[in-house]
Amino acid sequence: MKRLLMTMVVILSATMMFAKDIRTLVLTTTPQMHCARCENRVKAHMKDVKGIKSIETSVAQQTVTIKYDAKKTSDEKIIAAFEGSGFSARQLAEGETIVKEPHECSEGNAGDCKE
C-alpha cells in the first residue's frame with residue numbers, strides 16, 4: 001500500500017511539473033486592421049512565435065486574441081514580435097472597446113478589403 005501511495009505521489013508531481021500554463025492575451029493593433037489581408041498578415045507573422053497555441057483576429061472588434069503557453073513565451077515577447085508584421089500592438093484593458101476607424105482601401109489591397 002505504501003508503495004502504491006508513493007507511486008501515485010510521484011506521478012502526480014510529474015504531471016504538475018509538465019502541466020502547461022495556457023494564458024490568453026487580447027491585443028489591439030496600430031494601424032488598425034481593416035480587412036482579411038490585414039488579419040492574414042498578423043496571423044502569418046505570429047504563427048511562428050514559440051509557445052503560441054492559437055490566434056483569433058476580429059476586424060469588427062479590432063482585437064487579436066492569442067492563447068499561449070506561459071512557460072514558452074510572455075506577453076512582452078508576443079507584443080515585441082508584432083514589430084516585424086508592420087503593426088504594433090498593445091494589450092487591451094478589461095472591458096475596453098476600440099472603435100474601428102473609417103478606411104478606404106488602397107490600390108494594393110482593394111481586392112481583399114471589406115468594410
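Positions are given from 1, in the same order as the sequence printed here.
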Side-chain donor-acceptor pairs of residues 77-94 under 3.5 Å, sequence neighbours excluded:
residue: Ser85; atom: OG; partner: Phe82; partner atom: O; Å: 2.6
residue: Ser85; atom: OG; partner: Phe87; partner atom: N; Å: 3.4
residue: Ser88; atom: OG; partner: Thr30; partner atom: O; Å: 3.3
residue: Arg90; atom: NH1; partner: Glu96; partner atom: OE1; Å: 3.3
residue: Arg90; atom: NH1; partner: Glu96; partner atom: OE2; Å: 3.3
residue: Arg90; atom: NH2; partner: Glu96; partner atom: OE2; Å: 2.7

Would you give me the side-chain donor-acceptor pairs under 3.5 Å for residues 58-67, sequence neighbours excluded?
residue: Ser58; atom: OG; partner: Gln61; partner atom: N; Å: 3.1
residue: Gln62; atom: OE1; partner: Met33; partner atom: N; Å: 3.1
residue: Gln62; atom: NE2; partner: Met33; partner atom: O; Å: 2.6
residue: Gln62; atom: NE2; partner: Val59; partner atom: O; Å: 2.7

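- Lys50 places none of its side-chain heavy atoms less than 4.5 Å from the side chain of Thr73.
- In this structure, the separation between CD1 on Ile22 and OH on Tyr68 is 10.0 Å, given to the nearest 0.5 Å.
- Between Ile55 and Lys47 the shortest heavy-atom distance is CD1-N, 4.0 Å.
- Under the 4.5 Å side-chain heavy-atom criterion for ILVMFWY residues, no single connected hydrophobic cluster contains both Met46 and Val26.
- Atom CD of residue Glu39 and atom OG1 of residue Thr29 lie 10.0 Å apart, to the nearest 0.5 angstrom.
- Scanning both residues, Gln32 and Val99, for their nearest heavy atoms gives NE2-O, 2.9 Å.
- Note that SG of Cys38 and NZ of Lys43 are 12.0 Å apart. Values are rounded to the nearest 0.5 Å.
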